[in-house]
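Bear in mind the structure is a predicted one, so any value in this text is a computation, not a measurement.
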Amino acid sequence: MRRRAIVRGLVQGVYFRDTAREAAEAHGVTGWAANLPDGTVELVLEGAPEDVEAVLTVARRGPPDAHVTGIEVAEEPVESLSGFRVL
């Protein structure tokens, strides 16, 4: 499955993208994490449904210094990505 998530709150400059990368790698999920100009973080996640959901669970709370105020998740067609990148 593939999901694109936009994470809102205090999510930039708090190790959020690397936390997402660590979770993705631990669960075998591919994709990327990127800071957006409006202060949000975009995640694109591909993998088994339970693994993608595990990474989204991590994203909903973020690392200790983050303060997630919302997350919007959309389903997308799978593109068969490889690896996980922090952009």
Can you find a pair of side-chain heavy atoms, one from [X] and one from [Y], that are under 4.5 Å apart?
{"X": "Asp38", "Y": "Arg8", "result": "yes"}
{"X": "Glu79", "Y": "Thr30", "result": "no"}
{"X": "Arg4", "Y": "Glu42", "result": "yes"}
{"X": "Leu45", "Y": "Phe84", "result": "yes"}

Discussion item. Donor-acceptor pair, distance only, cut-off 3.5 Å: does the side chain of Arg2 make one with the backbone of Val44?
Written reply: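 Checked: no pair found.
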Worksheet item: Donor-acceptor pair, Glu46 side chain versus Ser80 backbone, under 3.5 Å?
Response: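 Looks like yes, one N/O pair under 3.5 Å.
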Practice prompt. Carefully, step by step, assess Glu76 and Arg3 under the rule side-chain contact (heavy atoms from CB on, under 4.5 Å).
Written response: CA-CA 6 Å; Glu76 294 186 341; Arg3 297 290 183 265; over 6 Å; no
Do the side chains of [X] and [Y] join up, straight or via other hydrophobic residues, at under 4.5 Å, putting them in one cluster?
{"X": "Val29", "Y": "Leu81", "result": "no"}
{"X": "Leu10", "Y": "Tyr15", "result": "no"}
{"X": "Val14", "Y": "Leu56", "result": "yes"}

For residues [X] and [Y], report the shortest heavy-atom separation together with the two atoms involved.
{"X": "Val11", "Y": "Phe16", "result": "O-CB, 3.1 Å"}
{"X": "Gly62", "Y": "Val68", "result": "N-CG2, 4.2 Å"}
{"X": "Ala59", "Y": "Val7", "result": "O-CG1, 4.1 Å"}
{"X": "Ala54", "Y": "His27", "result": "CB-CE1, 3.5 Å"}
{"X": "Leu43", "Y": "Ala20", "result": "CD2-CB, 3.8 Å"}
{"X": "Pro63", "Y": "Thr19", "result": "CB-OG1, 3.4 Å"}

Discussion item. Just verifying a value: how many Å separate Thr40 OG1 and Gln12 CD, rounded to the nearest 0.5 Å?
Written reply: 6.5 Å
